[in-house]
Amino acid sequence: MPISTDWDDLARRAVDAAVLRLAYGELEFTERLAALAPRAPEGAAGSPAGPASDDRRYRAVETAKELDALVAALKATKGKGGFTLDTETTSVHPTQAELVGLSFSWRRTSHYVPVNRDPPDGFGGEATRAKAAGTLFDEEGPRSGDLAAVLDRLRPVLEDPTLEKTGQNAKYDMIVLACQEPRGVDVRGVAFDTMIASWCLRPDGRTHNLDAMSLEHLCVTKIRQRPDRRGKAQITIARGADREGGDLRLRGRRLHAPPASALRAEVDGGRARPGLPRDRDAAPPRARAHGAHGHPRRSRRAAAHEPRARGAGEEARGGDPRGGRGAVQPAQQREDRGAALRQVEAARDRRAQAARRTEKGTGYSTDERTLLELAPYHPLPSKLVDWRMLTKLKSTYVDPLPEAVNPRTGRIHTTFHQTGAATGRLLVVGPQPPEHSRARRGGPGDPRGVRAERGWKLLSADYSQIELRLLAHLADDPGLLAAFRAGEDIHRATAAKVMGVALDAVTPEMRGRAKAINFGIVYGMGR
Amino acid sequence: MSLSQQIKVTMAQAEEFIESYFRIYPNVRSYEERVVAEARKTGS
């Protein structure tokens, strides 16, 4: 049998990294992709895994003179793409974070400005101390109050709205800087955010951090470095944001100017921090009422016993109209009575069934479904369901609030994640703010649990008919647009037109139908 | 759930509602068709 393959053809060959990288990328094998030896990007300074080979480009700013030079250089980036900004801090919570350092990057130049004289280990402390304790501003600057002094020098650049800044989750840095004492920096001019851009490109992506992005867009494995080598991280940002042909920024930009404005709007929103009452009396009253239900464990135990009694007992019959034959009127037709009796029997069977079904080896189940099934036979099961719901609300919304108060500001700071939901909604992380005016008293969003600072008000705002407004805009439909422009109730207007009646002749039922059609169209509902 | 189920009418009636909807908002129909066509073409 002729075999054209010889031994050498079967020998194991070196991996074709380029092909493999493409394949991994396409198949979204991100872990494998990261494990591939990173390709040194052309023209980059040094290999990504090594230390910066060009010290001139990545440097720490440690004297007032250097800082002034930095400020001048940053100013010079105006109109030329601006610079990237990043803060190094001690916490992922921006309102609780201590500022350790700031880094700036433009073109291929990066500067790190340490501002905390004695930062904790792991946050640049080693490097700062190693440089010689307290050299920061020793020569020409003040020895104390370094942070405030540094910020004051950077302030004109950071607060200049015409000087473009790029960030990775810049909102975080903006809040950190705004929270600085004695005078926060009101960062303005944030024109681009790589995290939001990444999310806009791939809202369903799992992560939008720099590691994932540099891998995806630049085929570069970012170094997981310590802040004292901050310069390296900035290279990554700089590449992502500034490099010519930088995929991310160009693509992101093309897609999204709006996120930048959304970002600004959001940060403004984030600054309206709800205050929290200092007195316990202002806690939602359900929290107190809840006490009347007794200790949760005790109640739960009692509750567990109750259905057992119900399942076995006869005593419940009196309380249940369907349980007694007296419920059937003697004047009824015989057939009716027969039917009623059968109904009663069936109800009993169901009750018995429900009770039986609750048995699970060790005892009776009190899960919600069972309790709801038992609800018609006695008031207790539904009370138990209510109680559980209130307990949940209390532990989810009421109890965490006092703990969420930032000791420094006396306020609750909620974070809105712009990249948390693929649908484009904001994801609230941390303490839930009072949500809306229709919140039930004692329920989530009960606004009485928080109050605004004196002289301020809590504002609740929501989009109105956002899907249909978008549809009107995207479809550029004159009828829809006109209805919205006229400030009409869009469902009513639709009903009037679809059903051919006057606007004020639309009944609630007609409006309901029109509403179903309106949303059905938007969400592609079938006939 | 389909429209007819949701507003409790027959499928023919639902069809008619949708038809008249598209008559009063004609650009919505063309927009929908455009989007579908584009999705067929580009796959996204």
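No experiment lies behind these values; they were computed from the predicted model shown. Per chain, numbering begins at 1; letters A, B, ... match sequence-line order.
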*Roughly how far, to the nearest 0.5 Å, is CE of M499(A) from CZ of F17(B)?*
4.0 Å
*Who are the side chain to side chain donor-acceptor pair (under 3.5 Å) partners of E488(A), not counting sequence neighbours?*
none
*Please name all residues satisfying side-chain contact (heavy atoms from CB on, under 4.5 Å) with A37(B), sequence neighbours left out, ordered by chain then number.*
none
_Within the 4.5 Å heavy-atom criterion, are I521(A) and Y25(B) side-chain neighbours or not?_
no
*Checking heavy atoms, do the side chain of R29(B), its backbone, both or neither come under 4.5 Å from chain A?*
neither
*Using non-hydrogen atoms and a limit below 4.5 Å, what part of residues 469-476 of chain A faces chain B?*
L471(A), L474(A), A475(A), D476(A)
_I need the I24(B) CD1 to L480(A) CG distance, nearest 0.5 Å._
7.5 Å
_Qualifying residue, where the test is side-chain contact (heavy atoms from CB on, under 4.5 Å) with S20(B) and the options are V498(A), I517(A), T494(A)_ = V498(A)
*In chain order, what residues pass the side-chain contact (heavy atoms from CB on, under 4.5 Å) check against F519(A), with sequence neighbours excluded?*
Q465(A), E467(A), L468(A), H491(A), K515(A), Y523(A)
_Taking side chain as everything from C-beta outward and backbone as N, CA, C, O, which of these in Q13(B) sits under 4.5 Å from a heavy atom of chain A? Side chain, backbone, both or neither._
neither
*Measure L481(A) against the heavy atoms of chain B and call it side chain, backbone, both or neither at under 4.5 Å.*
neither
